[in-house]
Amino acid sequence: MDADFVGGGVKMLSVQTNMLAANASRQLGITTKDKAKRSEKLSSGYRINRAADDAAGLSISEKMRRQVRGLTQAAANAQDGISMVQIGEGALNEVHDMLQRANELAIKAATGTLQDVDRAMIDEEIQQLKAEIDKTARNTTFNEISLFPENGHSPIATSYLEMKGYDITLDLKNGTFQINEAQAGSGAAGAGRAVNISSGSVLADEIANKIVPGAIERILDSFPSLKNAVGSDTIDMALQVAYIDGKNNTMAYAYFSYSLGGGKPISMGIRVDTADFNDADAQGTGSNAEALKATMAHELMHSVMQYTLTDGMSGRKGEQYPTWFVEGTAQLAGGGFANGWNDTLSYYANFLTSENDAGQDNNISNYLAKFTMGGRPYGHGYLGTAYLGWLANGKGAVTGANIAAGMDKIFADLLAGNSLASAIQNNTGIDVDELNRRFKNGNAELTEFVRKLAYESKTGAGSVIAAGGLGVGPSSVLGTGALDQPFRIDPFQISIDYSGPEMIALQVGAEAGIHIDVDLYKMSSQALGLEGMNVKTTDEADLAIDGIKRAIHYVGNVRSHYGAIQNRLEHTINNLNNITENTAAAESQIRDTDIAEEMVGFSNGQILSQAGASILAQANQSSQMILSLLG
């Protein structure tokens with residue numbers, strides 16, 4: 001019989017081994033496996049269902065999947081950011097409305113056809129609006145996150161042109177008046193303590209161990225009436241070294257809490273801005289070393305007055321000292337020429353050959369008339385209080401000692417229970433209205449005094465407590481630094497926080513560090529410069545109009561910032577969606593099944609499978625033919 005040729009070899013007929021069936025079975029198995037894979041791809045929709053399908057492709061696909069899912073979440077994060085910004089901007093819209101209403105009321109109160117009793121009624125609404133602004137700032141939150149935190153950025157920092165217009169270099173502000181309970185206060189808890197403090201912060205330690213004792217010593221020695229009022233009391237103070245509102249804004253502030261019923265303050269403290277001062281400044285080698293000493297002397301003068309003249313500093317008994325007097329007296333300690341508020345006078349003083357050189361009097365007179373004490377409490381307020389001190393001491397030479405001696409007489413009257421108006425009238429022979437007129441008219445005597453003051457201070461800070469006089473730097477406002485001073489930093493009330501201003505970082509990318517930072521601002525009435533605003537007199541109403549104008553500008557700047565952030569986030573979302581779409585398309589090319597191609601293969605597999613099964617059946621019948629040969 002003829003031989004069969006299978007697989008290239010010559011095969012004999014055999015019942016033991018059916019090569020035809022074996023070959024057909026093998027081919028059918030291959031077809032079945034291929035068909036099963038294609039069926040899996042068609043049913044799952046993926047070309048790669050396991051690493052064995054395409055090892056390199058799977059690795060690339062998973063990286064792309066990570067990016068796609070990350071970008072999708074980033075877009076959701078950005079949308080959350082938009083929602084947050086919209087809440088903040090909506091709250092500021094209400095603040096703007098309240099400020100516009102306050103502006104209407106201030107303009108109404110400024111007119112001369114109203115009596116003070118009418119203005120008092122208008123002021124009631126003004127104070128309610130301020131309270132609501134504070135409430136709005138305090139209660140505006142997103143996911144329980146305060147959008148206007150106390151350690152937020154200063155809204156004033158958004159207004160560079162406005163700051164330049166008012167010659168603002170440093171904003172030495174008298175901080176927060178708190179009417180609440182406090183954990184610690186003055187008394188015997190710290191009595192007898194005179195040891196060096198070691199907090200772990202060079203800045204805090206230098207302030208506590210050297211600057212505070214030195215400045216307190218000079219303040220109390222320069223104003224004996226205040227020293228007598230302190231007596232043998234020991235006052236433990238808190239010290240907070242933390243962010244306030246950014247560089248060259250509020251560098252520090254003194255704060256105190258008190259009982260409305262009377263008595264001395266419950267607690268006292270000072271907060272120093274880490275954005276302005278660092279360890280090098282504390283050690284005397286930093287660029288703000290002198291400014292630190294001047295600032296601390298300024299704030300500690302507040303603290304001494306807060307302790308000895310609590311009623312007038314708080315206003316709890318009716319009269320509250322005007323800002324020009326509070327800040328002006330503090331500038332007497334820190335130096336009215338140490339912080340840029342009177343740089344114009346320093347410029348004129350450089351042209352003088354002596355204190356009696358009247359060559360710049362016309363310029364000085366115009367400068368005095370340009371502003372008011374209420375409008376520039378750190379500049380003109382300083383000049384006004386210095387002038388009052390000089391008058392109270394019988395005029396004479398313009399020296400720091402004479403000015404301090406005269407101001408001490410005014411302090412003595414205040415401590416005796418007299419009003420500020422009476423103390424000024426009794427000791428100087430003029431009232432506050434006359435003082436304001438002298439500024440407005442460029443009074444010759446006032447001009448001469450300021451000229452001599454500027455000349456004597458042109459090489460120094462203009463501090464009346466400095467041992468070396470007006471013409472020495474802020475370092476001279478410190479005494480020997482003996483630790484046993486009445487006002488002391490309590491080591492148990494020192495807090496240090498270098499975390500900086502509050503902000504929210506929105507993760508808007510699939511990789512680490514892809515953030516959009518949203519700065520948060522503190523938007524209380526104090527932050528807007530409206531803390532002491534009232535319209536009880538026409539002068540106060542005029543100041544309120546200017547203050548509200550600036551506050552409206554500040555709020556507008558913050559709203560514009562949030563609007564710009566929202567627009568940026570919307571563009572970010574569009575870009576993220578575009579990247580996500582194209583990356584997903586690229587990943588699809590790698591991982592997804594080409595249905596058309598797989599269906600062609602699957603159909604081909606079905607045909608081959610059917611054919612293979614038929615051939616296998618026929619191959620299995622070949623043994624029957626051999627059996628016929630045996631029979």
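Keep in mind that the numbers below use all heavy atoms, side chains included, and drop hydrogens, waters and symmetry copies. As the structure is a prediction and not an experimental result, all values here were calculated from the model.
- Taking all atoms of both residues into account, the shortest heavy-atom contact from F337 to S457 is CD1-CB, 3.5 Å.
- Within the 3.5 Å criterion, the main-chain N or O of S287 finds a donor-acceptor partner in the side chain of D281.
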| task | Report the C-alpha distance between R451 and E355 in whole Å, list the side-chain angles of each, state the deciding distance to 0.1 Å, and finish with yes or no for side chain to side chain contact (heavy atoms under 4.5 Å, CB included). | result | CA-CA 7 Å; R451 179 227 304 155; E355 66 172 19; 5.6 Å; no
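- Between K452 and E456 there is no salt bridge, since no side-chain N of the basic residue sits under 4.0 Å from a carboxylate O of the acidic one.
- Formation of a donor-acceptor pair under 3.5 Å by the R218 side chain with backbone atoms of I465 is found in this model.
- When all heavy atoms of I545 and A106 are compared, the pair lying nearest together is CG1-CB, 3.7 Å.
- Between the Y382 side chain and the G462 main chain, a donor and an acceptor come within less than 3.5 Å of each other.
- The aromatic rings of F371 and H380 sit perpendicular to each other, their planes meeting at more than 60°, with 30° as the lower class boundary.
- Remark: side-chain polar atoms of D134 are paired, donor with acceptor, to backbone N or O of S525 under 3.5 angstrom.
- The main-chain N or O of D433 is never found under 3.5 Å from a side-chain atom of R438 such that the two would form a donor-acceptor pair.
- Interatomic distance, CD1 of I235 versus CD1 of I489, reported as 11.5 Å (0.5 Å rounding).
- The shortest side-chain heavy-atom distance between W324 and V432 falls under the 4.5 Å cut-off.
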| request: Start with the C-alpha distance between I364 and N366, add both sets of side-chain angles, then the distance that settles side chain to side chain contact (heavy atoms under 4.5 Å, CB included), and finish with yes or no. | output: CA-CA 5 Å; I364 294 173; N366 290 336; over 6 Å; no
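- Defined by atom type and a distance below 3.5 Å, a donor-acceptor pair is present between the side-chain atoms of S225 and D408.
- Counting heavy atoms from C-beta on, the side chains of L226 and V230 never come closer than 4.5 Å.
- Side-chain atoms of D123 and Q127 form a donor-acceptor pair, as typed in the model, at a separation below 3.5 Å.
- Side-chain contact between K409 and N393 is present, with heavy atoms from C-beta onward closer than 4.5 Å.
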| request: Could you please spell out the steps behind the side chain to side chain contact (heavy atoms under 4.5 Å, CB included) verdict for K227 and D221? | output: CA-CA 7 Å; K227 186 174 185 177; D221 286 348; 3.1 Å; yes
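- Of the possible donor and acceptor atoms, none in the side chain of N288 sits under 3.5 Å from a partner among the backbone N and O of A291.
- The shortest side-chain heavy-atom distance between S524 and I133 does not fall under the 4.5 Å cut-off.
- The side-chain heavy atoms of Q240 and Y255, taken from C-beta on, include a pair separated by under 4.5 Å.
- For residues 400-424, the set of pairs meeting the ring-ring contact (aromatic ring centres under 6.0 Å, His included) definition, not counting sequence neighbours, comprises F223-F411.
- When all heavy atoms are compared, the tightest approach of A254 to H302 is CB-CB, 3.9 Å.
- Side-chain contact of N342 with Y367: a donor-acceptor pair under 3.5 Å is present, judged by distance alone.
- Checked for salt-bridge contact, R119 and D116 meet the test: a charged N lies under 4.0 Å from a carboxylate O.
- Using a distance-only test at 3.5 Å, with no hydrogens or angles considered, no donor-acceptor pair links the side chain of N443 to the main chain of F439.
- Between L388 and I430, the shortest heavy-atom distance links the atoms CD2-CD1, 4.3 Å.
- Residues N426 and S422 have side chains that never bring a donor and an acceptor to within less than 3.5 angstrom of each other.
- By the 30° and 60° cut-offs, the orientation of the rings of Y562 relative to Y521 is perpendicular.
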| request: Before giving the answer on side chain to side chain contact (heavy atoms under 4.5 Å, CB included), spell out for L220 and V304 the whole-Å C-alpha distance, their side-chain angles and the decisive distance to 0.1 Å. | output: CA-CA 8 Å; L220 296 182; V304 172; 4.1 Å; yes
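- Contact of the L520 side chain with the F148 side chain is not registered, since no non-hydrogen atoms from C-beta on lie closer than 4.5 Å.
- How far CG of L435 is from CD1 of I424: 7.0 Å, rounded to the nearest 0.5 Å.
- Just one residue in the list L309, D311, T329 forms a side-chain contact (heavy atoms from CB on, under 4.5 Å) with Y321, and that residue is L309.
- In this structure, a donor-acceptor pair under 3.5 Å is present between the side chains of N427 and D413.
- The structure places CG of L446 at 10.5 Å from CD of E448, a figure rounded to the nearest 0.5 Å.
- Across A333 and I219, no two heavy atoms sit closer than the pair CB-CG1, 4.4 Å.
- N209 places no side-chain N or O within 3.5 Å of a backbone atom of E206 that could act as its donor or acceptor partner.
- Aromatic ring pairs are classed by plane angle as parallel below 30°, tilted from 30° to 60° and perpendicular above 60°; the pair F449 and Y387 is tilted.
- Applying the salt bridge (Lys or Arg N to Asp or Glu O under 4.0 Å) test to every pair with at least one member in residues 391-405, sequence neighbours left out, gives these pairs: K395-E445.
- A salt bridge does not link K108 to E104: none of the charged nitrogens lies less than 4.0 Å from a carboxylate oxygen.
- Of the possible polar contacts, none joining the N402 side chain to the V398 backbone as a donor-acceptor pair under 3.5 Å is found.
- Between N363 and Q360 the shortest side-chain heavy-atom distance falls below 4.5 Å.
- Across all non-hydrogen atoms, the minimal contact from E327 to Y378 is OE1-CE2, 3.1 Å.
- Here the straight-line distance linking atom CZ of F487 with atom CD of Q306 works out to 9.0 Å at 0.5 Å rounding.
- Annotation: K440, atom NZ; neighbour count of heavy atoms from other residues, nucleotides and ligands within 6.0 Å does not exceed 12.
- For the atom pair L92 CG and M523 CE, the distance stands at 5.0 Å (nearest 0.5 Å).
- A salt bridge does not link E540 to K536: none of the charged nitrogens lies less than 4.0 Å from a carboxylate oxygen.
- In this structure, the side chains of H561 and D519 come closer than 4.5 Å at one or more pairs of heavy atoms.
- Judged purely by atom type and a 3.5 angstrom limit, S346 has no side-chain atom pairing as donor or acceptor with the backbone of K458.
- Atom CG of residue N534 and atom CD1 of residue I126 lie 9.0 Å apart, to the nearest 0.5 angstrom.
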